[in-house]
Each structure stands twice: as C-alpha cells, then as structure tokens.
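Notes follow once the structure below has been shown.
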Amino acid sequence: GGLGGDLTWVSALKGPEGGFASTSWWGQLLDAAAFAGAHGGRMPPEACEAALQERRYIEAPSMAPCRCIWVSGLPGCGALDVAVALASSLGAHLVDLAAVLGLGVGATDGVGDMRFVASVLAGVVQPIAAQGGSTLVVCDVLCSPAEVLADLAVHGPFAAVCQVAHVVSVLEPLVAYPSKGIRHPLLLSRSLRGWVSAVVVSEARPSTASRSGPAARERDALGGLLAKEVGAARSSREAVLSRNTNALVSGPLQLPPAGLGLKLLALPEGLGSREFVTPTERLRCVFVPTAVPMDIAVLRQSCSACLDVANTSAAIAGALRGLFCVEARVRGTVGSDIEDYMPEDMLGELRGERVQAVHQLVLSAAGEVAPPQRWPEPLAAHCGVLFWWSVGGEGGGAASSEATAARRAAAEAAVEESRLKVPARRPTWALENIPPEEVEKAREYMLSVEAPEGYYFSGTSYVDVDGNEYRDHPQLGIRLQEVLDRHNSGVQAWNAAVQEVSSLPMFQASSVRG
C-alpha cells in the first residue's frame with residue numbers, strides 16, 4: 001500500500017528518449033521501497049521524486065580536480081582547530097570561509113545566498129587547483145551540511161573545481177545544549193547521518209573552570225547526552241570521536257561518501273529534502289571590534305547576563321532572543337586589580353603590557369567553554385567580541401533590517417559597558433567619620449603604649465591623678481589624627497594618579513571602537 005503510493009512518481013523520471021533518468025531502474029525502485037518502508041508510506045510522492053532527481057548531481061562521479069573535506073559545526077565549538085589538524089595531516093590547503101566572506105567585518109552577518117558563496121569560494125579554489133592542489137579543507141560554521149552538499153556543491157563555478165567528499169562536524173556539549181539540556185535548533189542539521197560523515201565532540205575545558213563541582217558535572221552530563229544522541233543515529237562505522245585526527249583520517253574519511261538513499265532515510269519523518277536543505281533557522285552574528293582595553297571580569301559578566309536574558313520569554317529577551325554563544329578575543333585586564341596598584345606605579349602599569357594582554361572567552365548560555373587554539377575570522381585578525389544568534393522566520397526586507405540593527409545595538413551596548421574605566425577617586429576622611437574598624441584598630445594599638453605621666457592603667461580603664469576613669473588611652477586622639485593624616489595623604493596621591501591617567505587615550509575614546 002505505502003510502496004504503491006510512493007511509486008507513482010516513477011513515470012515522471014522518463015528521460016528525453018523514453019528511458020529512465022537514472023541509469024538503473026531497479027536502483028530507483030529499491031530506493032522507493034526503502035523510502036516507503038522507512039517512512040511508513042507517509043513520504044509524499046513529490047518529495048521522493050524531487051529527492052531522487054538530485055541523484056544526477058549528488059551521486060554522479062565528479063571530475064573536479066580537488067577533493068574537499070568540509071569541517072562544520074556550531075560557533076564556539078573549535079571547528080577551526082579540527083580543520084587545521086586535518087589539513088596538516090592530509091597535506092591539504094586550508095580555507096576559512098569566514099575570512100573569504102569577510103564575516104563580521106563588513107555588513108555580512110550570515111549566509112543567505114549559496115550561489116554567492118559558491119562563486120566567492122570558487123575564486124579561492126581555482127588557483128589552488130591550478131597549482132596542482134588535490135585536497136582542500138574548508139572550515140565553516142555558517143552553512144548547514146545539507147546546504148553544502150545539495151546546493152553549494154552543485155553550483156557550476158565551484159563544482160567544476162571541487163567535490164565535497166565528506167563533512168566533519170565539531171560540537172561542544174555546552175553549545176549543543178545551551179539551555180537546561182534543550183537541544184540547539186541547529187544541532188540535528190550538524191549531526192545527521194548521511195549528511196555528516198563524522199562528529200567530533202570536544203572534550204576541552206576552560207582553564208578557569210574547575211574539574212569538579214556542579215558546573216563540571218553538568219558539562220560531563222551534557223557531554224554524555226550529546227555522545228548518546230549523536231551516536232544512536234549513526235552506524236557502527238561512523239565514529240563519534242574525540243579530537244583524534246589519526247582516527248578521523250583513517251576511519252570515517254576513508255569510507256565512500258553516503259549515497260542519496262542514506263541521506264533521505266536519515267531525514268526526520270515527514271520532512272522533505274528541500275525543507276531540510278533550506279532550514280528556516282539560521283545563524284546570524286554581530287561583531288563588535290574593540291580598540292580599547294576591556295575590563296575582563298565585567299565583559300564576562302555582561303555577556304553572561306545577555307545570554308541569561310536570551311533564555312527568558314520573547315517579550316523580555318527582545319533583540320537578544322536566540323542569542324546562544326559569545327566569543328571574545330580582547331585586550332584588557334580585570335578592572336578591580338587596578339585598585340591594588342600603588343599611585344606612583346599606576347601610570348606605568350596602565351601603559352604597560354598587563355593592560356594590553358590578550359584574553360580569550362567563549363561563553364554559552366550553559367556555561368563557559370574552552371577557547372580555541374586557532375581563531376577563525378574576524379577574531380583571528382581583529383580584537384573584538386562576536387555574538388551569535390540562531391534566528392528563524394525572519395525573512396527579508398525592512399523587518400529583517402530592523403532586527404539586524406536591534407541585535408547590533410544590544411551587542412554594542414554590552415561591550416561598551418565592559419570597557420576598562422578610569423579608576424574611581426577616593427574620598428578623604430574627617431575625624432568624625434573615620435571608619436569604626438580603623439578606630440578599633442587604633443584602640444588596640446594604644447593598649448601597647450604606656451600611659452602618659454599623670455595616668456595609670458588599672459587593667460580595665462585609664463585613671464588620672466584625680467581618680468577619673470577613661471575607657472580610652474589619653475593619647476588615642478593623637479593616634480587617630482596620625483591615621484587620618486596617613487589615609488588622606490594616600491588618598492591625595494591616589495586621586496592625583498587617577499587625574500593623571502584619565503587623560504590616557506584608552507579612557508578618551510568615545511566608544512570601544514576608538
């Protein structure tokens with residue numbers, strides 16, 4: 001019954017001379033039987049027809065001179081680290097698609113037109129092929145593997161010089177499950193069997209994170225969940241690997257590319273190939289370059305707050321809705337550390353290397369992630385903060401432009417409030433407002449000082465020659481004046497140093513962009 005319904009499209013596969021479009025009628029028939037059985041007869045005939053017609057360019061032998069390994073994944077997962085290792089092991093050329101597209105530096109905040117991507121990438125690959133390059137590793141987190149295999153790889157300029165043989169997806173548990181163990185909406189597209197040859201699950205931890213405690217246990221639990229969910233949908237020959245390049249090269253990448261039948265059988269029930277290839281959910285990013293030092297602690301706190309807001313209701317989240325990852329490579333220091341500088345050293349310290357040290361952060365809604373060893377563009381060449389959203393149903397036109405502008409404004413506000421600020425001036429004291437703890441310290445100190453002439457200490461109080469008793473040492477006031485003078489002298493030196501450093505360019509810039 002179900003099989004008969006799914007075979008109704010076979011007559012449409014007639015070639016121009018009456019033959020079938022496929023070289024094997026039985027191959028078409030068996031594919032149809034597999035589709036019908038796997039989908040319980042519920043796959044629409046038109047979906048079967050459209051998908052199998054794609055055999056002509058998905059499964060046809062390629063004459064392209066270059067073989068391509070496409071390293072995909074999600075932002076914040078360290079895809080470029082895997083791509084670099086693969087390129088080194090294979091002796092292949094490495095291409096960072098974000099660098100080719102100018103991601104984040106100009107107006108580009110995502111990928112929408114695969115024809116444009118194909119033409120730009122072809123311009124990069126053609127010289128490599130002309131020089132005899134036979135293997136290429138492309139690193140990209142913007143495009144879904146299905147878009148790469150079914151759209152990008154068949155556009156003339158690119159397909160003529162390069163065949164995408166395998167897709168390797170790199171995933172990090174804290175990015176894959178950004179909110180309370182809820183699966184990221186793009187996780188399935190980055191791990192689906194047939195479309196992705198192998199999945200690499202990151203095991204790295206941020207250097208600031210404890211290897212024990214609730215946060216570590218939560219990440220371990222999410223890592224186990226990710227390996228279980230991804231592994232359950234893959235055959236025994238398709239490995240879910242840690243970052244073991246040798247196992248990757250000698251294992252999944254040695255297998256032939258998956259056939260169309262496996263690709264379609266892997267689709268979720270009721271989802272057509274075109275719906276899967278063109279997902280409604282897409283990545284969008286905002287890059288905020290930083291030309292001045294940042295307060296690293298405030299930046300971490302500010303970006304974490306944005307991620308927390310993004311996981312609230314849509315009405316509260318506003319422009320932050322869909323934000324799931326923030327990557328930062330910035331110069332700066334922890335602002336509170338400046339409070340420990342000596343006034344005479346403050347100017348030199350703020351002009352020195354400590355404030356210009358590079359700090360790296362990768363934050364997800366679920367926690368902090370280990371930063372990569374190699375940053376993709378724009379962070380490879382520019383200091384700044386890269387915010388990643390997953391957005392759906394945005395479309396184009398004025399509404400899309402407004403949403404893009406709102407996301408940029410929210411990102412810039414978060415970074416602006418994180419810039420390193422001029423240290424605060426300190427207030428001087430008067431005798432009447434010396435802090436109680438300082439007064440108590442002075443009292444304790446005076447206990448070690450002998451009573452002046454005309455007084456003696458009874459063990460509980462000071463007694464003068466007339467028998468009058470006093471709780472405090474007769475010279476406590478002198479001691480408090482010394483404390484006051486010492487403090488106010490230090491405050492004056494501090495405030496003078498603050499006045500001096502306030503004219504530094506880092507504090508004069510009107511915005512983090514300089």
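- Panel note: side chain Ser390, backbone Leu283; no donor-acceptor pair is recorded below 3.5 Å.
- Residues Ser72 and Val148 form no side-chain contact, since every pair of their non-hydrogen atoms from C-beta on lies 4.5 Å or further apart.
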Inset, instruction - Carefully, step by step, assess Asp140 and Trp70 under the rule side-chain contact (heavy atoms from CB on, under 4.5 Å). - result: CA-CA 7 Å; Asp140 158 61; Trp70 196 278; 3.2 Å; yes
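- Atoms CD and OH, from Glu349 and Tyr341 in turn, are 5.0 Å apart once rounded to the nearest 0.5 Å.
- Atom CD of Glu353 has 12 or fewer heavy atoms from other residues, nucleotides or ligands within 6.0 Å.
- In this structure, SG on Cys303 lies 6.0 Å from CG on Leu363, to the nearest 0.5 angstrom.
- You'll find the side chain of Trp195 reaches within 4.5 Å of the side chain of Leu149, heavy atoms only.
- Donor-acceptor pairing under 3.5 Å is recorded for the side chains of Trp375 and Gln360.
- Of all heavy-atom pairs between Val196 and Ser191, the closest is CG2-N, 4.0 Å.
- At least one side-chain heavy atom of Val358 sits under 4.5 Å from a side-chain heavy atom of Arg331.
- Within 6.0 Å of atom CD in Gln301, 12 or fewer heavy atoms from other residues, nucleotides or ligands are found, so the atom counts as exposed in its surroundings.
- Rounded to the nearest 0.5 angstrom, Asn311 CG and Ile182 CD1 are separated by 8.0 Å.
- Taking the centre and axis of the six-membered ring of Trp494, the NZ or CZ atom of Arg426 falls inside the cone set by 45° and 6.0 Å.
- The line from CZ of Arg190 to CG of Leu171 is 9.0 Å long, rounded to the nearest 0.5 Å.
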Inset, instruction - Decide side-chain contact (heavy atoms from CB on, under 4.5 Å) for His382 and Phe287; before the verdict, give the C-alpha distance in whole Å, the side-chain angles of both, and the deciding distance to 0.1 Å. - result: CA-CA 10 Å; His382 306 274; Phe287 177 61; 3.8 Å; yes
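- The two atoms that bring Gly384 and Leu379 nearest to each other are O-CD2, 3.3 Å, heavy atoms only.
- The shortest distance between side-chain heavy atoms of Gln356 and Pro293 falls below 4.5 Å.
- Between Arg407 and Glu412 there is no salt bridge, since none of the side-chain N atoms of the basic residue sits less than 4.0 Å from a carboxylate O of the acidic one.
- Here Cys162 contributes atom SG and Leu136 contributes atom CG; the two are 5.0 Å apart, rounded to the nearest 0.5 Å.
- Counting non-hydrogen atoms of other residues, nucleotides and ligands closer than 6.0 Å to CZ of Arg183 gives a total of 12 or fewer.
- For an aromatic pair to be called close, the ring centres must be under 6.0 Å apart, and Tyr177 with His184 fails this.
- Residue pairs meeting the salt bridge (Lys or Arg N to Asp or Glu O under 4.0 Å) criterion with at least one partner in residues 80-103, sequence neighbours excluded, are Asp81-Arg243.
- Between Leu97 and Leu142 the shortest side-chain heavy-atom distance does not fall below 4.5 Å.
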Inset, instruction - Evaluate the criterion side-chain contact (heavy atoms from CB on, under 4.5 Å) for residue pair Val326 and Leu361; output intermediate values, then yes/no. - result: CA-CA 8 Å; Val326 180; Leu361 296 174; over 6 Å; no
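- Within the 4.5 Å cutoff, the side chain of Phe324 has heavy atoms near those of the Pro75 side chain.
- For the pair Phe158/Val125, a side-chain contact is recorded, criterion being any heavy-atom separation below 4.5 Å from C-beta on.
- Side-chain contact between Leu94 and Leu80 is present, with heavy atoms from C-beta onward closer than 4.5 Å.
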Inset, instruction - Might you work through the salt bridge (charged side-chain N to carboxylate O under 4.0 Å, His left out) test for Arg219 and Glu368, ending with a clear yes or no? - result: CA-CA 10 Å; Arg219 188 192 181 281; Glu368 187 166 347; over 6 Å; no
Inset, instruction - Could you give me the CA-CA distance, side-chain angles and deciding distance for Leu350 and Ile338, then say whether side-chain contact (heavy atoms from CB on, under 4.5 Å) is met? - result: CA-CA 9 Å; Leu350 291 177; Ile338 299 177; 3.9 Å; yes
